[in-house]
Amino acid sequence: MSYLVDAAQAQLRAAVSTAAQKAVEAGVFPTLPQGEFRIEVPQNRGFGDFSANAAMAWAKELHQSPRSIAQTLAEKLDLCDTYFEKADFAGAGFLNFYLGAEYYAAILLDIRAKGEDYGRSDWGGGRKVNVEFVSANPTGPMHMGNARGGALGDCLAAVLERAGCKVSREFYVNDAGNQIAKFALSLDVRYRQLFEGDNAPALPEDAYQGTDITALAKAYADEHDSSLLALSEEARRQALVAYALPKNISAMQNTLTKYRIIYDRWFFESELHNSGQVKDLLTQMDELDLTYERDGAVWYKASEHGGEKDEVLVRANGVPTYFAADIAYHRDKLLTRAFDEAIDIWGADHHGHVARMQGALDALGLDGAKRLKVILMQLVRLMSGGEVARMSKRTGNAITLTDLLEDIPVDAARFMFNLREPETQMEFDLDLAVQQSSQNPVYYCQYAHARACSVLRKLAETGKPLRQCNADELALLTTPEERELIAHLAALTGETEAAARLYDPAKIARYCIELSTLYHKFYAACRVNCEDEKLSAARLFLCDCVRSVLHSQLTLFKITAPEEM
RNA sequence: GCGCCCGUAGCUCAGGCGGAUAGAGCAACUGCCUUCUAAGCAGUGGGUCACAGGUUCAAGUCCUGUCGGGCGCGCCA
C-alpha cells in the first residue's frame, strides 16, 4: 500500500536530488552532495505544505551558505509531473513546497473510495500483539486507575489493529497467592462477626477493610446460613472465596462491558499453577542455572541479568511468589501462544518491576527487552468543583469505576482518558465530563460530526444530494479553510502509525479535535449550499469525507457519533 | 542514600526524529445568527519553555549539574 503523502514526499526527494545533479553539471556545486536531508511539514502553513532542509544539511560539504544553496536548488527544481505547483526558499535556507489542486482532489477521492477503511495502515505487517490491561485485583472493586487503564488499553488495542497488527485483548486475573489468602481471611472474619458477636476475632489491620467484604460475607450468610462455623477454618475460607470470587469477577465483567470493553481472554493466574506451568518454569530456570537456594527459598539471579538485586521465586514455605507466576505468564504469552509482542499497562508504581521482568524473559531467551513493552500509566487526579475528589459523595468510599460510570457518560470517559500521553500524570475534571457543552472535547467532536450529517441531510432534502465528483470539480476547493481541512484529512494514516508506534492513542483523540476545529472553521467560512453547482457539490463531497473520517475515528474509540444533536 | 518519571501562558495540556515568529483549550474582554446545527466562528490580552552551564549554522527538544514535584527500592502484588 502506498499513500499519497508518501508519494508526494518521494517526489520532492527526487526533485531536490535532480536539482542538485543539475547544479553540479552547471558547475555551481563543486560535488554532488551526499548528506541526508529531511522533508517535513512546517509548523506555520505560510511556509508551504512541505519543506526540505537540504541546503542547511549540505552547507558544510559544498562550502556555500545555506541560502545560496537553497537559491540554486530552487532555480533548478523541476516540479513537472508532481503534485506540487511551486517552490521557493526562505529563512535560513529552507526550501518550501506548495501542493497543487490535483493533490487535494486525489486525497478526497481516496477517502471516498476507501470509506471507513481510509486511514488504515499495514504498518504492523500482521504482527500478533497481546494487550493486557486493567487486570484489577479481584478482591475488591475497580478504582480510578482502572478507569484510565481501561480506556487507554482498549483504544490502544484498537489503534494497533487499525495500524495493521493482529491484536488480542486480555485481562489477567490474580486469583491465586497472598492477596487471595488475605481476601479469604477478611471474608472469614466478617462472616464470623455476623454470628459470634464479641467472640469473633477483630479484622487485622492489613486485611481488606472495605465495606464490600462485609457485604459479601452477609450475602453468603443470607443465601446460606451459619453452617460454615462448624467447618475447619480452612474449609470455611475456601467456601467463602468460592462464593465471593466469581461474584467479584462477574461484577468486574459487567462494569467493563458497560465501559464497552470486551476482552478476547480472561486469563486466570490459578491456571498457571494448576497446569504445572509455574513448576515447569522453575525447572527450566534451574536448568539454565538462573536460580540458587538460600535461607530455604529459591532465588533468581536477577543481579546477573540486569536487575538491581536477586529476587525470591519460591518462598521458604514452598509457595511461589507473584514474580514467578508472572514470568510463567509472560512465557506463556511469548512462547506458548507465540505473540510477537506483549504490551502490559501497569500503574506507574510498578516501574521497579519492568527491568527485572524483561531481564528474566531475556534470560529465558525470549528477548524481553524488545518483545515486552510495559506502559507505565501515571495516576489520575480526579477534580470536582476545583478540588481534588477522592471520595464518592454518594457512597462515602473511594470512587470506583462503577461510581464513575454512573456519574459521567461512557463517551466522555473513554475520550477524556485518552487526551493525555499515558505516561504523564493527568487531571480528570468530573464537572467537565458531564457538561454537554463546547468545553467538553468529546461533544465538540460529536457536534462536528452531527453538523456534517445535518448539511448532507439538508442538501439532500433540497434536491442536491451528495454525488460523486471528479478531480476537476474537487479542484475548485481552493480557500485556505478548505485546503487546511483536506491537508489534515490527508494526515490520518501517518497519525495512526505514529499513535501505534508510540503506543499513544491520545494522538488520535487530538487528531479528532483538530479535524473538528478545521471543519467548524470551514463551515463558518464556506457556504456549502451555494450558487455554483459544481463548487457546492465539491464542498458537500468534502463534508462527507469529514463525516466519514470523524465517524471512523470516534467509532474506533467506541464513542458514539450522533447524526443529530 | 540509590533508581525511574515529570517541570512549557493564571489553569489543563500539545510540541515522534534539534529547524523559521513556541501552539491549542479553559478562564477574561469584544464582535458575528432574515440562508446549510451559535454545542459554532472571528478578534484582543497573556511566555526568563524551573535554573545554570555545555554541544552547533540552529536547543523547549540533545548532554552535565542544581532546585522543585511524583513514584519505587518486601520471602507484597
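The chains referred to below are lettered A, B, ... by the order of the sequence lines, with proteins before strands, and numbering in each begins at 1.
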With a distance cut-off below 6.0 Å to the six-membered ring centre and an angular limit of 45° from the axis, does A:Lys301 pair with A:Tyr292 as a cation-pi contact? no
Expected rows: protein N/O vs nucleotides 27-32 of chain B N/O, under 3.5 Å:
| unit_1 | atom_1 | unit_2 | atom_2 | d |
| --- | --- | --- | --- | --- |
| B:A27 | OP1 | A:Gln439 | NE2 | 2.9 |

So which nucleotide from B:A14, B:G19, B:U12 ends up closest to the side chain of A:Glu427? B:U12
Would you mind telling me which of B:C13, B:C36, B:A39 lies closest to the side-chain atoms of A:Tyr447? B:A39
Sticking with atom P, work out how far B:A59 lies from B:C13, rounded to a whole angstrom. 28 Å
If we take the C1' atom in both B:A50 and B:U37, what is their distance in whole Å? 45 Å
Suppose you measure atom P in B:G18 against the same atom in B:C29; what distance do you get, rounded to whole Å? 43 Å
Pair partner, B:A42 [Watson-Crick or wobble, under 3.5 Å]: B:U30
A:Tyr511/A:His488 aromatic ring centres below 6.0 Å: yes
Sticking with atom P, work out how far B:A52 lies from B:U48, rounded to a whole angstrom. 12 Å
Syn or anti for B:C33, with syn set at within 90° of 0? syn
Check nucleotides 55-58 of chain B against the protein and report each pair of N or O atoms closer than 3.5 Å, with its distance, or say if there are none.
| unit_1 | atom_1 | unit_2 | atom_2 | d |
| --- | --- | --- | --- | --- |
| B:C57 | OP1 | A:Lys60 | NZ | 3.0 |

Roughly how many Å apart are B:G60 and B:A22, using the P atom of each and rounding to a whole number? 10 Å
Answer with yes or no after comparing the ring centroid distance for A:Tyr329 and A:Tyr172 against a 6.0 Å cut-off, counting only values under it. yes
What about the rings of A:Tyr519 and A:Phe522, do their centers lie closer together than 6.0 Å? yes
With the stacking rule set at 5.5 Å and 30°, tell me whether A:Phe47 counts as stacking on B:A20. yes
Write out a two-atom table: protein N or O, nucleotide N or O from nucleotides 69-75 of chain B, distance below 3.5 Å.
| unit_1 | atom_1 | unit_2 | atom_2 | d |
| --- | --- | --- | --- | --- |
| B:C71 | O2 | A:His351 | NE2 | 3.1 |
| B:C75 | O3' | A:Arg315 | NE | 3.3 |
| B:C75 | O2 | A:Ala316 | N | 2.9 |
| B:C75 | N4 | A:Asp295 | O | 3.1 |

